[in-house]
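Presented below is the structure to which this report refers.
Predicted model only: the values in this text are computed from it and were never measured.
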Amino acid sequence: MKNIQKNKIINTKMWANTPVYTTVLMCIVSSVAQANQDTNWYLNAGLGNVSGSRSVAQYSKDLSKNDITVTHIDIDNNRMGFKLNLGYEVNDSFAIELGYLDLNDVKLELTAVVSDPDLFIKDAATVHPHSANGFTIDTVYRYDFNDSYDLSASVGLFKWYSHFNTYDMIKGKALSSDNRNGLDLSYGLSGGYKITSSFSLLLTWQQFKLGNDTSQMWSVGTRYQF
């Protein structure tokens with residue numbers, strides 16, 4: 001006898017921690033600004049669209065390796081993420097940034113025909129989409145075209161944390177959970193338009209490694225020079 005199990009795999013994160021990290025960065029910035037009003041410190045923030053690299057076909061292929069026949073699969077892999085960075089200009093071209101990044105939640109919902117529901121739950125929980133939050137450190141090279149426009153390239157590390165929950169949507173109960181973390185490479189490009197001597201608008205593209213997966217983020221933001 002075959003059973004039909006419908007599970008929703010949700011990548012969630014500890015949103016309650018976000019204000020704490022943000023507050024710490026803001027306190028650092030405030031202390032620096034009070035100590036010296038003319039420094040090499042700056043603050044940038046961004047909000048934008050995040051997407052993952054894996055497709056529906058790839059998830060189906062991974063599940064089929066474990067003899068799971070997927071009849072329906074749906075991925076909500078586009079979401080809004082945000083970042084907040086504190087930067088220090090070493091010289092006119094190079095800077096170092098320390099920040100907090102949240103790539104937001106990813107959802108995977110699937111229906112499958114299986115002979116062993118418990119095995120299906122175990123296997124499905126290992127094929128979840130990836131997202132994360134955590135801390136970043138980047139080395140930034142900035143080139144000024146003129147007094148208004150600049151282009152930046154960054155390479156750094158992302159210390160990320162993820163929490164995954166698996167739910168049975170038919171019975172409406174949690175089935176399993178998993179915590180993961182890692183330290184992976186990140187890089188990006190950013191174009192800036194200076195509105196005043198201290199304030200700029202930014203358009204940024206970044207890519208982040210999350211274990212065997214990657215995510216990219218297009219964001220708009222601001223940079224404030226102290």
Donor-acceptor contact present, side-chain [X] to main-chain [Y], <3.5 Å:
X: S162; Y: S131; result: yes
X: D102; Y: N104; result: yes
X: N91; Y: S93; result: yes

Measuring only between side-chain heavy atoms, which start at C-beta, is [X] closer than 4.5 Å to [Y]?
X: V50; Y: V106; answer: no
X: L157; Y: T136; answer: no
X: M217; Y: W205; answer: no
X: T204; Y: K83; answer: yes
X: L210; Y: F158; answer: yes
X: R79; Y: L103; answer: yes

**OP:** Show the numbers, then the answer: is there a side-chain contact (heavy atoms from CB on, under 4.5 Å) between K159 and N181?
**Re:** CA-CA 7 Å; K159 178 58 178 176; N181 63 80; 3.6 Å; yes
With a cut-off of 3.5 Å and sequence neighbours excluded, list every side-chain donor-acceptor pair involving residues 218-226.
| from | atom 1 | to | atom 2 | distance (Å) |
| --- | --- | --- | --- | --- |
| R223 | NH2 | D150 | OD2 | 2.9 |
| Q225 | NE2 | E89 | OE1 | 3.3 |

Original post:
Within a radius of less than 6.0 Å around CG of D147, do more than 12 heavy atoms belonging to other residues, nucleotides or ligands occur?
Top reply: no
Original post:
Just wondering, are more than 12 heavy atoms of other shown residues or ligands nearer than 6.0 Å to CG in D92?
Top reply: no
Original post:
Strictly under 6.0 Å, is that where the ring centroids of Y143 and Y141 end up?
Top reply: no
Subject >> Separation of Y193 OH from L203 CG (nearest 0.5 Å) >> reply: 14.5 Å
Original post:
Roughly how far, to the nearest 0.5 Å, is the CG atom of L101 from the OG atom of S215?
Top reply: 9.5 Å
Subject >> Option passing side chain to side chain contact (heavy atoms under 4.5 Å, CB included) with V155 (candidates V140, L185, T139, D138) >> reply: L185
Looking only at heavy atoms, which two atoms of [X] and [Y] are closest? And how far apart?
X: D184; Y: K209; value: CB-O, 3.1 Å
X: G81; Y: L47; value: O-CD1, 3.2 Å
X: A45; Y: L84; value: CB-CD1, 3.8 Å
X: A153; Y: L189; value: CB-CD2, 3.8 Å
X: S186; Y: F208; value: CB-CD2, 3.5 Å

Do the side-chain N and O atoms of [X] and [Y] include a donor-acceptor pair separated by under 3.5 angstrom?
X: W160; Y: N133; result: no
X: Y187; Y: Q207; result: yes
X: S152; Y: S190; result: no

Original post:
Going hydrophobic residue to hydrophobic residue with side-chain gaps under 4.5 angstrom, can you get from I195 over to Y149?
Top reply: yes
Original post:
Among all residues two or more places apart in sequence or in another chain, which pass the side chain to side chain donor-acceptor pair (under 3.5 Å) test with E97?
Top reply: Y42, N44, N85
Original post:
So Y100 and F135, would you call those rings parallel, tilted or perpendicular, with 30° and 60° as cut-offs?
Top reply: perpendicular
